[in-house]
A.B. asks: 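Got a structure here, written out as structure tokens. Questions coming.
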Amino acid sequence: MSVTEEQAAVLALTRATAGPWHHTARVVEARGSALRLARGDLGGLGEHDRAHAARVVARLRPGDLGRAEALIASCPAALVTVLDDDYPGNLAYAYNLQPFLWLRGRLGAGDHRSVAVTGDAPGACAAARALAAAGLTVVCDGPRTAGAAVAAGGRAIVVGPDGGRPLAGGPGAVVGVSPFWPGTAATARTRAVTGLVTSGLAAALYATGAGDGERAAMALSQGKHVFAAPGLPWTPRLAYRGGVTVVAGIDELARQAVNLVDVTRLTTVF
């Protein structure tokens, strides 16, 4: 079985999945081979995973694997799946990891030292500049925030359906990541998935706006630490559970983020 065949099987199984994709991602991981799953070999799976896999496999149609291989061959972005050694380690530990990612650019060995920044407003750009200057990779879903990180001499990971669009900066300064099918339009669902992948790819999240409570809660559910700007209305509600730090300013954010990322370094990294 070649890498391309396994990747094609991941795509085919994902397309055949009804509902959120992360259960299929976990089942593929547990089986260790998407191609065997696609062929109906469900050995080694627990009862719940076996039932899910059986439903997904039943939805496969003749030619699905071939169409997936053709998509891989035609897409200009590189593909990484949960079966590949270079699947991002920060996201691999999230319960809602996605089965595949399309990459424009290459993730670097130090990109696990990263902070996700919500929004694309001036406060987010200021945070991106400070985090990049402190040597951390900025993960975001907006070009302005990414541009601010690159302008400060850092790296940025941009998540979204069009996450691979070229941005100003040195070679390799911006990596585009898309957990969607090529050509997917932005919708409420893609925004939700973009949010979970953005926080999942990072070691921590910095929330800048009053409307970022849901994204902060998602990051906490993924085991990420959340830094928050002062005065946000949702921080009292979330902070009781732990894992939330309100930072007085950008300098404090950068200092605490570096300490947190370096102290809680994951063993599986980019």
A.B. asks: Test Thr24 against Thr14 for side chain to side chain donor-acceptor pair (under 3.5 Å), laying out the working first.
C.D. replies: CA-CA 7 Å; Thr24 294; Thr14 302; over 6 Å; no
A.B. asks: Please identify each residue that fulfils side chain to side chain contact (heavy atoms under 4.5 Å, CB included) with Ala217, with sequence neighbours left out.
C.D. replies: Leu238
A.B. asks: Please list, chain by chain and in numerical order, all residues satisfying ring-ring contact (aromatic ring centres under 6.0 Å, His included) with Trp21, sequence neighbours excluded.
C.D. replies: Phe100, Trp181
A.B. asks: Tell me every residue that passes side chain to side chain contact (heavy atoms under 4.5 Å, CB included) with Glu29, counting only those two or more places apart in sequence or in another chain.
C.D. replies: Arg26, Val82, Leu97
A.B. asks: If I take atom CG from residue Leu260 and atom OG1 from residue Thr245, how far apart are they, to the nearest 0.5 angstrom?
C.D. replies: 8.0 Å
A.B. asks: Quick one: does Pro76's side chain get under 4.5 Å of Arg104's, heavy atoms only?
C.D. replies: yes
A.B. asks: Drop me the distance from His48's NE2 to His23's NE2, to the nearest 0.5 angstrom.
C.D. replies: 4.0 Å
A.B. asks: Within the structure provided, determine whether Trp102 and Val80 are in side-chain contact (heavy-atom separation under 4.5 Å).
C.D. replies: no
A.B. asks: Do Leu101 and Val27 sit in one hydrophobic cluster, given that two such residues count as connected whenever their side-chain heavy atoms are within less than 4.5 Å of each other, even indirectly?
C.D. replies: yes
A.B. asks: State which residues pass side chain to side chain contact (heavy atoms under 4.5 Å, CB included) with Pro20; sequence neighbours excluded, sorted by chain then number.
C.D. replies: His22
A.B. asks: Taking Val247 as the starting point, is it possible to reach Leu136 by hopping between hydrophobic residues whose side chains are less than 4.5 Å apart?
C.D. replies: yes
A.B. asks: Count I, L, V, M, F, W, Y as connected when their side-chain heavy atoms are under 4.5 Å apart, and connections chain through other members. Are Leu42 and Leu83 then in the same cluster?
C.D. replies: yes
A.B. asks: Enumerate the residue pairs fulfilling side chain to side chain donor-acceptor pair (under 3.5 Å) with a member in residues 130-143, sequence neighbours excluded, ordered by first and then second residue.
C.D. replies: Asp111-Thr137, Asp141-Arg215
A.B. asks: Is Leu103 reachable from Leu79 through a run of hydrophobic residues whose side-chain heavy atoms are each under 4.5 Å from the next?
C.D. replies: no
A.B. asks: Identify, with sequence neighbours excluded, every residue that meets side chain to side chain contact (heavy atoms under 4.5 Å, CB included) alongside Thr190.
C.D. replies: Pro161, Phe180, Thr184, Ala186, Thr187
A.B. asks: Test of understanding: with salt bridge (Lys or Arg N to Asp or Glu O under 4.0 Å), list the residues that count as partners of Arg31, not counting sequence neighbours.
C.D. replies: Asp41
A.B. asks: Cut-off 3.5 Å, no hydrogens considered: what does the side-chain donor-acceptor table look like for residues 228-237, sequence neighbours left out?
C.D. replies:
unit_1	atom_1	unit_2	atom_2	d
Trp234	NE1	Gly209	O	3.1
Thr235	OG1	Leu232	O	2.9

A.B. asks: Going from CG on Leu201 to CG on Leu107, what distance comes out if it is rounded to the nearest 0.5 angstrom?
C.D. replies: 7.5 Å
A.B. asks: Kindly state each residue pair satisfying salt bridge (charged side-chain N to carboxylate O under 4.0 Å, His left out) with at least one member in residues 179-192, sequence neighbours excluded.
C.D. replies: none
A.B. asks: Would a hydrophobic clustering, with Ile, Leu, Val, Met, Phe, Trp and Tyr connected at side-chain separations under 4.5 Å, put Val3 with Ile72?
C.D. replies: no
A.B. asks: Restricting to ring-ring contact (aromatic ring centres under 6.0 Å, His included), what partner residues turn up for His225, sequence neighbours left out?
C.D. replies: Phe227
A.B. asks: Would you give the length of the straight line joining atom OG1 of Thr118 to atom CG of Asp212, rounded to the nearest 0.5 angstrom?
C.D. replies: 3.5 Å
A.B. asks: Kindly state each residue pair satisfying salt bridge (charged side-chain N to carboxylate O under 4.0 Å, His left out) with at least one member in residues 51-67, sequence neighbours excluded.
C.D. replies: Asp64-Arg67
A.B. asks: Donor-acceptor pair, distance only, cut-off 3.5 Å: does the side chain of Gln98 make one with the backbone of Val197?
C.D. replies: no
A.B. asks: When rounded to the nearest 0.5 angstrom, what is the spacing between CD in Glu6 and CZ in Arg36?
C.D. replies: 7.5 Å
A.B. asks: Identify, with sequence neighbours excluded, every residue that meets side chain to side chain donor-acceptor pair (under 3.5 Å) alongside Gln222.
C.D. replies: Asn96, Ser199
A.B. asks: Rounded to the nearest 0.5 Å, what separation is found between the CG atom of Leu71 and the CZ atom of Arg15?
C.D. replies: 7.0 Å
A.B. asks: Which atoms form the tightest heavy-atom contact between Val159 and Thr194, and what is the distance?
C.D. replies: O-CG2, 3.5 Å
